[in-house]
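Below is one structure, written out as structure tokens, with a few remarks after it.
Numbering starts at 1 and runs along the sequence shown. We count ligands from 1, going down the list as the structure has it; atoms in each ligand are counted the same way.
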Amino acid sequence: MLDLQRIENDLIEKLLHCQSMHGLNQVKSFFLGKKSEIAEGLKAIPQINPEDRKDYAKNLNITKQKIENLIKLHAQTLEENQIANHLRHERLDVTLFEAHPKGSAHLISTAIYDVVKIMQSMGFVYQENVEIETIFNNFTGLNIPENHPARAEQDTFYTTDGRVLRTHTSSVQVHVMQEQQPPIRIVCPGRVFRNDQDRTHSPMFHQLECLCIDTHVNMSMLLQTIRELFRAFFGKEIPIRLRPNYFPFTEPSAEVDIQFEGKWLEVLGCGMVHPNVFKMNGIPEHYRGFAFGVGIDRLVMLRHGINDLREIFENHPGFLEQFRG
Ligand code: PHE
């Protein structure tokens with residue numbers, strides 16, 4: 001007769017030491033395979049004498065069932081352990097990233113973002129734009145005559161295919177007037193290029209253009225818009241003054257200075273859109289418009305007390321880290 005209890009105990013003993021699926025398969029074939037004691041026992045049923053046969057077969061089947069269940073359970077446990085192990089090893093330690101310095105937006109990007117947001121709050125719409133322009137969009141369409149000094153090579157970068165790196169964001173005014181119908185209110189930041197370099201000039205710098213065209217636009221609206229822009233940008237009332245100036249594309253034209261720590265500093269050019277510009281770019285005569293172009297780099301220098309423009313563009317980490325947001 002088979003000692004079923006002993007078989008069960010043997011199995012439990014084996015399972016306690018079985019840590020892998022491979023091992024478990026071996027255990028399974030040892031206890032349930034063709035040559036296992038259980039299989040032999042089942043084969044022997046016909047030889048058992050009839051009074052004992054029923055009980056014998058029943059007990060044997062119960063044990064076989066138990067063995068199968070125990071093995072199945074152990075397989076499940078092994079699988080769960082394997083998954084848990086995987087998860088433990090693959091866990092993403094988010095605190096590790098602390099070891100790397102965090103980046104932040106550049107001073108220029110932050111200033112552009114701030115100014116655009118302020119202008120949007122006054123109903124201006126962000127305008128896409130391009131940096132390489134046709135001569136028409138950069139000069140002619142803005143009423144800048146053929147012989148104007150700004151067109152000369154010492155001031156302007158020309159491309160070999162007869163275009164220019166835009167010298168101001170005003171070129172976007174031409175795009176907008178040709179492509180949109182009034183009322184128009186756009187804000188357009190971007191890089192501009194001039195053949196010029198010293199402590200306060202860089203061959204590449206940033207401007208932000210605003211253009212407003214409607215039937216009732218006037219100079220006092222222009223002034224109020226500029227005032228509000230500086231108040232919101234610097235977080236306090238900023239004294240401003242206008243100096244009459246000349247731009248071919250505005251009439252009248254002015255330059256705007258802001259008072260900062262007792263000094264007057266030029267930050268912006270502006271004016272009422274010149275009728276020739278409307279005429280050349282398909283805006284009907286009864287409309288009025290104002291436009292201004294503000295120097296973003298200058299605003300950044302004032303905001304952060306930076307004296308040398310070049311520091312903003314050289315991107316030394318030690319310099320930039322002081323302003324991390
Ligand atoms: N484009 C001018 C400049 O670069 C600024 C300006 C913009 C003036 C819009 C008037 C109107 O200096």
Side-chain angles (χ1 to χ4, degrees), residues 108 112 115-116 119 122 124 127 129-131 133-145 148-152 154-157 164-178 184-197 200-214 217-227 229-230 240-258 265-278 280-281 283 287-299 309:
I108 300 285
I112 287 176
V115 176
V116 167
M119 295 314 299
M122 290 191 264
F124 287 73
Q127 176 65 42
N129 59 96
V130 294
E131 291 170 354
E133 270 297 1
T134 59
I135 289 175
F136 183 87
N137 288 343
N138 196 82
F139 296 125
T140 318
L142 287 165
N143 198 35
I144 301 175
H148 194 280
R151 291 203 185 202
Q154 69 261 27
D155 291 316
T156 300
F157 294 109
V164 295
L165 301 190
R166 68 173 172 198
T167 60
H168 50 184
T169 44
S170 297
S171 56
V172 83
Q173 290 190 33
V174 177
H175 278 278
V176 169
M177 288 185 216
Q178 302 221 348
I184 289 170
R185 271 191 217 96
I186 56 104
V187 51
C188 173
R191 293 190 186 93
V192 300
F193 307 86
R194 287 182 203 172
N195 204 347
D196 198 358
Q197 186 161 25
T200 52
H201 294 94
S202 150
M204 182 282 295
F205 57 105
H206 300 84
Q207 284 189 335
L208 179 136
E209 194 85 6
C210 285
L211 173 69
C212 172
I213 303 176
D214 211 329
V217 173
N218 59 37
M219 194 85 183
S220 74
M221 289 176 183
L222 165 64
L223 249 180
Q224 190 49 36
T225 307
I226 291 170
R227 231 182 227 123
L229 167 60
F230 290 132
I240 72 170
R241 89 179 169 191
L242 264 71
R243 283 178 292 104
N245 195 18
Y246 171 74
F247 296 109
F249 38 96
T250 45
E251 180 59 37
S253 304
E255 270 183 328
V256 175
D257 301 337
I258 63 177
L265 296 148
E266 179 199 324
V267 288
L268 180 149
C270 66
M272 300 302 295
V273 179
H274 196 291
N276 286 354
V277 175
F278 276 166
M280 242 179 301
N281 298 298
I283 300 290
Y287 281 106
R288 299 286 173 268
F290 72 67
F292 64 85
V294 54
I296 290 288
D297 313 279
R298 186 57 72 84
L299 291 189
L309 178 66

Inset, instruction - Take atom CZ of Arg191 as the centre, draw a 6.0 Å sphere, and report whether it contains more than 12 heavy atoms from other residues, nucleotides or ligands. - result: no

Inset, instruction - For the residue pair Glu266 and Arg243, establish whether any side-chain heavy-atom pair is separated by less than 4.5 Å. - result: yes

Legend entry - Spacing of CD1 belonging to Ile240 relative to CD1 belonging to Ile226, to within rounding of 0.5 Å: 6.0 Å

Legend entry - Residue of the set Thr134, Thr156, Asn129, Asn137 for which side chain to side chain donor-acceptor pair (under 3.5 Å) holds with Arg166: Asn129

Contact table, ligand 1 N/O with protein N/O, distance under 3.5 Å:
{"from": "ligand 1", "atom 1": "1 (N)", "to": "His168", "atom 2": "ND1", "distance (Å)": "3.1"}
{"from": "ligand 1", "atom 1": "1 (N)", "to": "Ser170", "atom 2": "OG", "distance (Å)": "2.8"}
{"from": "ligand 1", "atom 1": "4 (O)", "to": "Arg194", "atom 2": "NH2", "distance (Å)": "2.9"}
{"from": "ligand 1", "atom 1": "4 (O)", "to": "Gln207", "atom 2": "NE2", "distance (Å)": "2.9"}

Inset, instruction - Give a yes-or-no answer on whether the side chains of Asp155 and Thr167 include a donor-acceptor pair shorter than 3.5 Å. - result: no

Legend entry - Where Leu211 and Ala291 come nearest, the two heavy atoms and their spacing: CD1-CB, 4.0 Å

